[in-house]
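Here the structure comes first, spelled out in structure tokens, and everything after it is commentary.
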Amino acid sequence: MKAMILNSYGEDAPFEATELARPEPTPGHVLIRIAATSVNTVDTMIRQLGQEKLPLAPDLPARLGMDFAGTIEAVGDGVDAFAVGDEVYGCAGGLAGLPGALAEYMLADVRLIARKPERLSMREAAALPLVGITAMEGLQRAGTRAGQTVLVHGGTGGVGHLAVQIACHLGATVCATGGGDAQLDIIKGYGATPINYRNETVADYVAAQTGGVGFDVVFDTVGGANMTNSFEAAALNGQVSSTVSLLELDLSPVHFKGLSLHVVFMLIPMLHDVRRETHGAILTELARLVDAGAVTPLLDDSRFTLDQVGEAHARLTSGDAIGKVVIDII
């Protein structure tokens, strides 16, 4: 089978076309013919930083690609929930000792996959798993429910655009930040109130949207220095979920406002083989929401083939993409 492999790590490390033996199904796993995969920020970080700075990076030669959608070609022993021909999606490789989806075929632990949403193409479904699981987990851990006020930082990003839609579906009053007319229009189209972070201060939009009380839930998908904005925007005893908390920060505002901080790192089940079945359950629920019309993935207009993985990574890191960057395998 054809695969794209990294033989070195670094910012411009090339992906090289390689012929590999097609995997044989193992117990508890299925062999999937990959139709599409999507690029996540963690994929670009692994490529750029390697194992020295990012221990979750796989050994070289490395096959990246966490998200996928495809068709089951064979099933291993002990698999009875899926059959040959099932169309599935998931996030099941591309890190540590788990070979990824940048290939025509891959093995996947059945606990990490679910049946593909029926109303989506393979390309669309491949955009969902990592960011969808992250969005769902962040909202669940914050206890998001109807009647609450929710702020999503980065409302058109991979995680953010799904968090906005799911929070709206749950019955919350949702606001989300964006940085231009195109992004603000997308947020408004989801039924949320757009906030232009470039010309609105935190104090201004907290006053305008919550009467100065603050938001019950703040979902920060931007991280870094923006975490302090999240603390400022949260109500007393509010909930803050973060997907990007790799920094040193003064937590005094968290203390004096009595905030609960939830750090979402959705790779833990994959890395440590702990509660992997929770990912399959979340993906099943996400597919139900998609097929009910409550959630729609946002895809960047760019298109890439398996031979153009490097260009797909460049598209995501450029900051110009709006929505998920997807690579078509077949």
Worksheet entry | Residue pair Asp328 / Thr305, side-chain donor-acceptor N/O under 3.5 Å |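 The answer is no; no qualifying pair exists.
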
Tell me, do [X] and [Y] make a side-chain contact under 4.5 Å, heavy atoms counted?
X      : Y      : answer
Met227 : Leu261 : yes
Tyr205 : Cys175 : no
Thr221 : Thr134 : no
Tyr190 : Leu298 : yes
Thr243 : Phe219 : yes
Val150 : Val152 : yes
Pro23  : Leu31  : yes
Ile327 : Gln308 : no

With rounding to the nearest 0.5 angstrom, report the [atom1] to [atom2] distance, [X] to [Y].
X      : Y      : atom1 : atom2 : value
Leu112 : Met66  : CG    : CE    : 12.0 Å
Ser38  : Leu130 : OG    : CG    : 7.5 Å
Leu162 : His169 : CG    : NE2   : 13.5 Å
Ser242 : Leu249 : OG    : CG    : 9.5 Å
Ile268 : Leu56  : CD1   : CG    : 11.0 Å
Lys116 : Glu124 : NZ    : CD    : 8.5 Å

Within the side chain of [X], is there an N or O that forms a donor-acceptor pair under 3.5 Å with the backbone of [Y]?
X      : Y      : value
Asn40  : Val42  : no
Gln148 : Ala172 : no
Arg111 : Arg275 : no
His313 : Glu311 : no
Lys257 : Glu232 : yes
Gln165 : His161 : yes
Arg22  : Glu104 : no
Asp291 : Arg119 : yes
Thr210 : Ala207 : no
Asp86  : Ile72  : no

If every non-hydrogen atom of [X] is compared with every non-hydrogen atom of [Y], which pair is closest and at what distance?
X      : Y      : answer
Pro14  : Ser8   : CD-OG, 4.2 Å
Ile322 : Ala182 : CD1-CB, 4.2 Å
Asp67  : Pro129 : OD1-CB, 3.2 Å
Gln183 : Gly179 : OE1-N, 2.8 Å
Tyr9   : Pro58  : OH-O, 2.5 Å
Pro194 : Ile187 : CA-CG2, 3.8 Å

Between [X] and [Y], is there a shared hydrophobic cluster once you connect ILVMFWY residues whose side-chain heavy atoms come closer than 4.5 Å?
X      : Y      : value
Val263 : Leu271 : no
Met136 : Val244 : no
Val222 : Leu151 : no
Val39  : Met45  : yes
Leu98  : Ile5   : no

Item to complete: Can you run down the ring-ring contact (aromatic ring centres under 6.0 Å, His included) pairs that involve residues 49-87, sequence neighbours left out, and say none if there aren't any?
Response: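 Listed by first then second residue: nothing to list.
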
Test side chain to side chain contact (heavy atoms under 4.5 Å, CB included) applied to [X] and [options], the passing residue:
X      : options                : result
Leu6   : Arg63, Glu16, Arg47    : Arg47
Met122 : Ile330, Thr71, Ile34   : Thr71
Asp220 : Val264, Thr177, Asn226 : Asn226

Discussion item. Under the criterion side chain to side chain contact (heavy atoms under 4.5 Å, CB included), I'd like the reasoning laid out for Arg315 against Asp320: C-alpha separation, chi angles, the key distance, then a yes or no.
Written reply: CA-CA 7 Å; Arg315 176 63 178 173; Asp320 295 329; 3.6 Å; yes

Worksheet item: Lys2: what forms a salt bridge (charged side-chain N to carboxylate O under 4.0 Å, His left out) with it, not counting sequence neighbours?
Response: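 Testing Lys2 for salt bridge (charged side-chain N to carboxylate O under 4.0 Å, His left out), a comparison that skips the adjacent residues, returns Asp307.
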
Worksheet entry | More than 12 heavy atoms of other groups within 6.0 Å of Asp301 CG |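 No.
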
Item to complete: Applying side chain to side chain contact (heavy atoms under 4.5 Å, CB included), run through Glu137 and His262 and close with a yes or a no.
Response: CA-CA 10 Å; Glu137 183 179 346; His262 309 275; over 6 Å; no

Worksheet entry | Candidate pair Val88 and Val30, rule side chain to side chain contact (heavy atoms under 4.5 Å, CB included), full reasoning | CA-CA 10 Å; Val88 295; Val30 293; 5.7 Å; no

Worksheet item: Run the side chain to side chain contact (heavy atoms under 4.5 Å, CB included) check on Leu251 and Phe231 step by step: do they pass?
Response: CA-CA 9 Å; Leu251 294 181; Phe231 301 155; 4.2 Å; yes

